[in-house]
Protein chains: 6
Amino acid sequence: MDGRLLVFSGNANVELASEIAADLNVNLGRALVGSFKNGETRVKIEDNVRGCDVFVVQPTCPPVNHHLMELLLMIDALRRASAARVTAVIPYYGYAKQEKKTAGREPISAKLVANLICTAGADRILTIDLHAPAIEGFFDVPVDHLQAAPLLAGYMSSLHIPDPVIVSPDAGGVGRANRFRERIGAGLAILAKQRPEPDTAEMLEMVGEVEGRTAIIVDDMISTGGTLIEAAAMLRERGAKEVYAVATHGVFSPDAVASIGQSRLVETIVTNTIPQHDNHQQARISVISVAPLFAEAIMRIHKDLSLSVLFS
Amino acid sequence: MDGRLLVFSGNANVELASEIAADLNVNLGRALVGSFKNGETRVKIEDNVRGCDVFVVQPTCPPVNHHLMELLLMIDALRRASAARVTAVIPYYGYAKQEKKTAGREPISAKLVANLICTAGADRILTIDLHAPAIEGFFDVPVDHLQAAPLLAGYMSSLHIPDPVIVSPDAGGVGRANRFRERIGAGLAILAKQRPEPDTAEMLEMVGEVEGRTAIIVDDMISTGGTLIEAAAMLRERGAKEVYAVATHGVFSPDAVASIGQSRLVETIVTNTIPQHDNHQQARISVISVAPLFAEAIMRIHKDLSLSVLFS
Amino acid sequence: MDGRLLVFSGNANVELASEIAADLNVNLGRALVGSFKNGETRVKIEDNVRGCDVFVVQPTCPPVNHHLMELLLMIDALRRASAARVTAVIPYYGYAKQEKKTAGREPISAKLVANLICTAGADRILTIDLHAPAIEGFFDVPVDHLQAAPLLAGYMSSLHIPDPVIVSPDAGGVGRANRFRERIGAGLAILAKQRPEPDTAEMLEMVGEVEGRTAIIVDDMISTGGTLIEAAAMLRERGAKEVYAVATHGVFSPDAVASIGQSRLVETIVTNTIPQHDNHQQARISVISVAPLFAEAIMRIHKDLSLSVLFS
Amino acid sequence: MDGRLLVFSGNANVELASEIAADLNVNLGRALVGSFKNGETRVKIEDNVRGCDVFVVQPTCPPVNHHLMELLLMIDALRRASAARVTAVIPYYGYAKQEKKTAGREPISAKLVANLICTAGADRILTIDLHAPAIEGFFDVPVDHLQAAPLLAGYMSSLHIPDPVIVSPDAGGVGRANRFRERIGAGLAILAKQRPEPDTAEMLEMVGEVEGRTAIIVDDMISTGGTLIEAAAMLRERGAKEVYAVATHGVFSPDAVASIGQSRLVETIVTNTIPQHDNHQQARISVISVAPLFAEAIMRIHKDLSLSVLFS
Amino acid sequence: MDGRLLVFSGNANVELASEIAADLNVNLGRALVGSFKNGETRVKIEDNVRGCDVFVVQPTCPPVNHHLMELLLMIDALRRASAARVTAVIPYYGYAKQEKKTAGREPISAKLVANLICTAGADRILTIDLHAPAIEGFFDVPVDHLQAAPLLAGYMSSLHIPDPVIVSPDAGGVGRANRFRERIGAGLAILAKQRPEPDTAEMLEMVGEVEGRTAIIVDDMISTGGTLIEAAAMLRERGAKEVYAVATHGVFSPDAVASIGQSRLVETIVTNTIPQHDNHQQARISVISVAPLFAEAIMRIHKDLSLSVLFS
Amino acid sequence: MDGRLLVFSGNANVELASEIAADLNVNLGRALVGSFKNGETRVKIEDNVRGCDVFVVQPTCPPVNHHLMELLLMIDALRRASAARVTAVIPYYGYAKQEKKTAGREPISAKLVANLICTAGADRILTIDLHAPAIEGFFDVPVDHLQAAPLLAGYMSSLHIPDPVIVSPDAGGVGRANRFRERIGAGLAILAKQRPEPDTAEMLEMVGEVEGRTAIIVDDMISTGGTLIEAAAMLRERGAKEVYAVATHGVFSPDAVASIGQSRLVETIVTNTIPQHDNHQQARISVISVAPLFAEAIMRIHKDLSLSVLFS
């Protein structure tokens, strides 16, 4: 693509955007992204963007509606300011878990969000580890969908854990867990809700063997941490030597970090798709940066190079 | 229209929605509109809406992004749940003041919001006193655009103020002020920023005569109240006997009510397009309900009757 | 909805369409759906459809492109002939397994198909057991998404199998299997591909316990039957007493039925979303009709009644 | 932008288009834009435009429907002929005063026109002094919105009028007048319709002081000139020494120029967004060319340079 | 369709609209359709149209751009005024002959017009004898496409002409002529331009036999009449006893009627899709009304009845 | 256009695509275009296409639905893989004869297909000799519409046939036949169905003179060959010395080639828009390649050069 490469950031994860820009050897584009006194989001792009190839870095992490609106208004402003191409770089895609109706008369919020982003005028999307891969199909513009698994599996492999077993914390995540273990070689176990008989109470069941092995719980995101901590407890009960947790997105609702700190998890590994804070070390939470991965992807998109090399 | 009439409310102004529903002799539709722990908005419509004529009452007042997203998700859910028609009832339209670019490289936020509402699936819009009437043209779906002026002018007339003068608090609002005075018969004065010479400091100037008369400042919304209070002070300085303020939308940012209470305004009249709170009496703020007006409009829309009668 | 209810059928599953029409007490709408000598699909609707509420029953089963094109042309003809509403009733949604890109530079075929159906002019969709539930979000028109699980679980329960274990034949299907066992109360086991070490050959692994129990493999569709037969063999090897298979969609590619006949499966239960043929009994394949379910759904859609009752 | 820069003109203002092209050092693109004998507009582009960056200069001045249709057909032809980008350069935007509904059941003609232009295939818009700035939001393609105020204020300043007062000829234009006076430093006065009492006849009222000063009436366009001439008369009555008029768009309906010639206006200044004719000197009408401004804007758009410099 | 049936008319053919309304036993809807002094079209619908089934009768005959714009603005106003359905009734479709590109870099004006009408918001189209039937496909909304042939053939048959021969005045119209003769039984002849050798001058050639027979020239429209008169002369030269002309649309550019009056045509039969004037008798032009046909079609569309009966 | 030029082929006419690529001095792009076992089409683009100018060669010849779906899926994959521009090169456009409704309640299949191609994401179309030229208007993206007439007329001229007569095999094709004869200089005759009296049986009639001359039947496509063979027989009966047939598209349904071999046609000339097979010589069928024409057009499109030179 011919135009100049520009990277802008909303307020959701300025650290990540800055790190990406630094890796790309460019300055972050100058823009005012704030609020008016009446609470309305205010956006003003301060650099000339005509004919440029613009990337807006903005995960839609909490406060999700606010960060989403910042993203939409930035896209609108860039498009009206004649940017040649606007790529929404969304390291964490809020509302991703609402990608289907579970009961009647619900929105399909993840689709609505996709429609809103396209309506605002995004020409393409760059993201990582969407909760459901079909969300890619919610867009008709091109989506480049990165994976954190190479980074995370590389880290886990570097620990040289003997005879590990990968654990999916619920039935819906077994596919993800199984693909992860293909990268490191390991056993598989599953935690699933069950009812011994219809109409009896639901209880957590484990399928597979963990006795005497190190368990690695694999998930895409950690919110309250409740499922994770419950899983860790059960795994220890069933004889697991140690329990690690690995996830791309560390959403961490209030109290989640404290709870993890008090849990039996040896180490919890997440990335910085969402900003991570200083008190993580006490909770044995490690953060791996996705900035080099995003920077490489952006450079390749800008230069029309294949991204295949980023998936292995 | 054939389908059953249903009225739903988001969390922005449940009191108004309830009052409208009561005036229409229907119950508010049952819906869960809340938040997940990760801060994402959660919507679940609990009544069957297939084939119904649904009205969603939701001003997009602060927290504006949050209330907007509730509105969008409710529309998405209702549409997917096969409502025959979804009307977004938006008594206060947030972002309305961002209806044009004032400097380069800004969004046209009011248009983006219109596009988002249509993308979500609204079939029509019902609103009142948009900051700029051209916002109606931001929509290609039908818009019914009510006016609070008959209510507000009726109230002012009932005070039997002798020889009043209508004051526009800025140059852009003179058209609105002038239309208002056509309803009550009055003089006109204008407050406008000016510079005595180019490159000198901007100062507030008054054009017109208020000496010995009662001034009524007319605006469409009150946010911080700063302009209003400054105007009231200047009007008194120029000899106005008393100063009233009239506006449709009482946005009232924090401290605004307290400031108005300490100001020289005799009375400030707003409507309940945005929820108004209990401490208003101390600040001499009166609230006129638009619920009967909206109820009448909804009934007429539902029954395919003309709304012209509501404008005089 | 006011218009007359009409049901049309393409050539994909006339038996099912006829059964649905019979359950609804209507005649199938008259339409010529055939081919010109040059191989182009030919459609001519022979009944007046102006103002009618039309349902077109057409699973996009093999030959999938041909059946899809029939569906699209029928929708186009009905829309141009002024039908008030056209619902595409798609009991089997071809291309559903291509709902995401697994490697770079692939189409998202399930999304393309959704876009084609909407472009042709469908106002709404009625379907059952989509391979991935997020496909519902590929549409912006309302989708009613039925489930065969109540029918299939009811049948399995009627067999009074003691201490059954539900088996997912692959890691991605564990969620579906787990939801199924909630309906009948059972254990859970999983078959998953694994590599003992990275870069070694992939092999099938079982997680969970089946020894001495009756295994019920649950999947959404059966195509070649290869996975299923391999799974049945492994389950018997691991000590399962008997093995059943349950799936909504019996795609059955050539030879699949013969292979199942020669397998160790005691019984294979599918529905008639796709036409099922006479030689099934020899292969111990049972077919449960979804026609009453679809007929009930169509009647409820037509009468604007809730469909919730169909999901329990 | 890479493609060659081309400028085409419809029949609305060939002089302006030629002047712009000359300033850009290019020839006007060759095109037949005429009529068939049955009155249909005929367009044929005679230069190859594949991959080019094409600007079509066409104000939609009277006969407005005819000039609009020429514009639409030229855009259609250019798009189908594979122009890389088509910018509609619309120095005067007809139907701009119909940007809202003033009574029920009217079109919003200015929005319809925006939709028509986008439907025809314009990629962007270049215009000047839209009657209402919100019209910019009627478009979702980028709009570059120039201002004639620097040109017009520069001219007025060059006259070195002592103690001028800027006059808005109606209540709706006070914002425009006030922004104009910021450029030259001046007093402010307003003419507004009023009713002394409700239900009495409407009469023109003046607010502000003009006695002994030179009045400069500022408006965006002059059509019949009626309002302007009435205003000039009233200003003189109220003691104004001299009266000037300044407007961007000289629409001048038949007889308007003659009336102005007979009026008390000392000088009337307009631009050539609409073609101006030879008899203007007798009516003391001066014409300032916007061609250099448009030429500079086109060159900057073509070269992806910021247009901010044109606004001061 | 439930809503009330309303018929409105622009200024293009009020006589036809009135006749249609009378045949339907309704009054023409009240609407102001005129011009502002600046030449802009002005539309104001004066009847309440909420929920109504509205038909706007407006052929886009000369002045074509003006009549088209009236149609577009009326549709826009009706849609914004909440009409339930708006049908554009276009008895003569201007720009129909520009339905393809004949040389490079031309618009496809008939498609542009179709896009404009849909953009304005027409829900369906009712028309008659489009110049090219594929224009129906330019619309994605339903089109009811009437034929004047039954009326015209009925008239010709009533003349009991012995051994007539149908003549196509050019090579492109032979299909139309041949379908016409199927209705009355007749011979066929063709007039076609030819060049005896490449690069020699084009001349008119006749194919077929007319000697001693009555020739009936069949075309879809008569504009200048030049082709027709030349054809009549040639047919007489080749021995035709008498020559009639039959066409649906009498566009009649200035002088056309006079020329036909002086020609050797015995009688020229057209319909009133375009207003026909009083001086026609002198030119031996007969006018057949399509009002009953349109009235019947509108009533059938409104009542959801089949239109097939109108085609035989 | 800046991006690299790439040519891909579906399975419809790999020979033609290869020939075009060879003429362009490029390799065919690597892509897997096949079928899954369940009959679904499978597409995987194997070359990096980011930022490239991609041409997909795929006539939609029989099996038409299958080839169309291949085309749509390839476009979807290319667009999602970030091709800068995707041109659908469609040498034969299936469903072209269904470009209008001939009876009520039919699809307009040629328009549906156009909509599907645009929905899939084609940026432009390159085709040749569409059955009806108005199909070009079915697209709103640019269409380059080539003609085989120069090639075919060149071939016929090279035979130096004395005093030929061009024959249209039906009334609708006379325009095409007449344009063809302009290229070689010749007489004209027409075959048309007629009824001597209304309600009698239809019979074939000839208009024009062929006695003692060589007849050249001109059509756009040959499917069953039935019309052609019947025409040849009638022409010989009426005294034609020899009969040739010329058509762009040799669809040749099964048995067509054999029938032509047994007919009285001296030679039948078609192009390779559709793959032609080896047994053609026995049937005296000659095939002229359009590859050089398409290669030249593609190169000109890629280099933004005018295509006018290809039409003479």
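In this text the structure is predicted, and so the values were computed from the model without any measurement.
The two residues C:R105 and F:A81 come nearest to each other via the heavy atoms CG-CB, 3.7 Å. When all heavy atoms are compared, the tightest approach of C:Y95 to F:E40 is N-OE2, 2.7 Å.
Heavy atoms of other residues, nucleotides or ligands lying less than 6.0 angstrom from CZ of F:R124 number more than 12.
Side-chain atoms of C:L116 and F:M69, non-hydrogen and from C-beta on, do get closer than 4.5 Å to each other.
No other option in F:V43, F:I108, F:T60 has as many heavy-atom pairs under 4.5 Å with chain C as F:I108. When each of F:S35, F:P107, F:A77 is scored by its heavy-atom pairs under 4.5 Å with chain C, the top score falls to F:P107. Between chain F and the options C:L78, C:T119, C:V64, C:T224, the largest number of non-hydrogen pairs under 4.5 Å is found for C:T119. Of the listed residues (C:L32, C:V251, C:L112, C:L72), the one with the most heavy-atom contacts under 4.5 Å to chain F is C:L112. Chosen from C:T41, C:L68, C:V49, the residue pairing most often with chain F at heavy-atom distances under 4.5 Å is C:T41.
Side chain of F:N115 to main chain of C:A120: no donor-acceptor pair is present (N/O by atom type, distance under 3.5 Å, no hydrogens or angles).
Taken from CZ in C:F36 to NZ in F:K97, the straight-line distance is 10.0 Å, to the nearest 0.5 Å. Taken from NZ in C:K44 to OG1 in F:T102, the straight-line distance is 7.0 Å, to the nearest 0.5 Å. Atom CG of F:N65 and atom CG of C:L73 lie 7.5 Å apart (nearest 0.5 Å). In this structure, CZ on C:R42 lies 7.0 Å from CD on F:E106, to the nearest 0.5 angstrom. Of the inter-residue distances, the one linking F:H249 atom NE2 with C:N38 atom CG reads 12.5 Å to the nearest 0.5 angstrom.
In this structure, the portion of C:Q98 lying under 4.5 Å from any heavy atom of chain F is its side chain and not its backbone. Only the backbone of F:D47 comes within contact range of chain C, with at least one heavy atom under 4.5 Å from a heavy atom of that chain. Contacts of F:S109 with chain C are made by both backbone and side-chain atoms, with heavy-atom separations under 4.5 Å.
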